[in-house]
Amino acid sequence: GAIYHFALRTTRLDEVAARVRAAGAKITVEPRDVAIATTNGAGPVAVRIFFCDGPNGESIEFLQNTLT
């Protein structure tokens, strides 16, 4: 079966987004800062993310954060 979504962590999210765009991939969610809720009481975790379409229609998420 096909994979619908997977995520990759990077330390250079904006550079990766530029390379993905230059390669001709469709960015479906532009780079942005978001807070992800936690369930352990530690409070929200700040991350920077973007999404693009993969070559077989999968959704590829890239994320960058400094806490984990």
Side-chain angles (χ1 to χ4, degrees):
I3 296 173
Y4 174 72
H5 168 262
F6 64 95
L8 299 169
R9 186 171 172 197
T10 180
T11 58
R12 297 181 180 105
L13 186 116
D14 292 304
E15 290 175 31
V16 172
R19 291 182 73 172
V20 165
R21 191 182 319 276
K26 178 183 176 188
I27 292 183
T28 56
V29 175
E30 290 292 331
R32 66 177 69 177
D33 297 317
V34 299
I36 298 175
T38 61
T39 58
N40 63 2
V45 175
V47 298
R48 187 156 178 79
I49 63 169
F50 82 90
F51 290 78
C52 66
D53 286 342
N56 295 311
E58 61 278 320
S59 176
I60 304 172
E61 174 184 354
F62 289 88
L63 70 117
Q64 175 181 336
N65 75 331
T66 58
L67 292 179
T68 59

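Note that the structure is predicted; figures quoted are calculated from it, not measured. Quick note: residue numbers are just sequence positions, from 1.
- Every residue meeting the salt bridge (charged side-chain N to carboxylate O under 4.0 Å, His left out) condition with Asp33, not counting sequence neighbours, appears here in chain and number order: Arg48.
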Show your reasoning for whether side-chain contact (heavy atoms from CB on, under 4.5 Å) applies to Phe62 and Ile49.
CA-CA 6 Å; Phe62 289 88; Ile49 63 169; over 6 Å; no

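- Taking CG of Asn65 as the start and OG1 of Thr11 as the end, the distance is 11.0 Å to the nearest 0.5 Å.
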Verdict with supporting geometry, Leu63 and Glu61, side-chain contact (heavy atoms from CB on, under 4.5 Å)
CA-CA 7 Å; Leu63 70 117; Glu61 174 184 354; 4.1 Å; yes

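- Residues meeting the side-chain contact (heavy atoms from CB on, under 4.5 Å) test with Asn56, sequence neighbours left out: Glu58.
- Not counting sequence neighbours, the partners of Thr38 by the side-chain contact (heavy atoms from CB on, under 4.5 Å) test are Asn40, Ala42, Val45.
- Minimum heavy-atom separation, Gly54 to Ile60: CA-CD1, 3.6 Å.
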Show me, pair by pair, the donor-acceptor contacts under 3.5 angstrom made by side chains of residues 16-28, not counting sequence neighbours?
| from | atom 1 | to | atom 2 | distance (Å) |
| --- | --- | --- | --- | --- |
| Arg21 | NH1 | Glu30 | OE2 | 3.4 |
| Arg21 | NH2 | Glu30 | OE1 | 2.9 |
| Thr28 | OG1 | Phe51 | O | 3.4 |

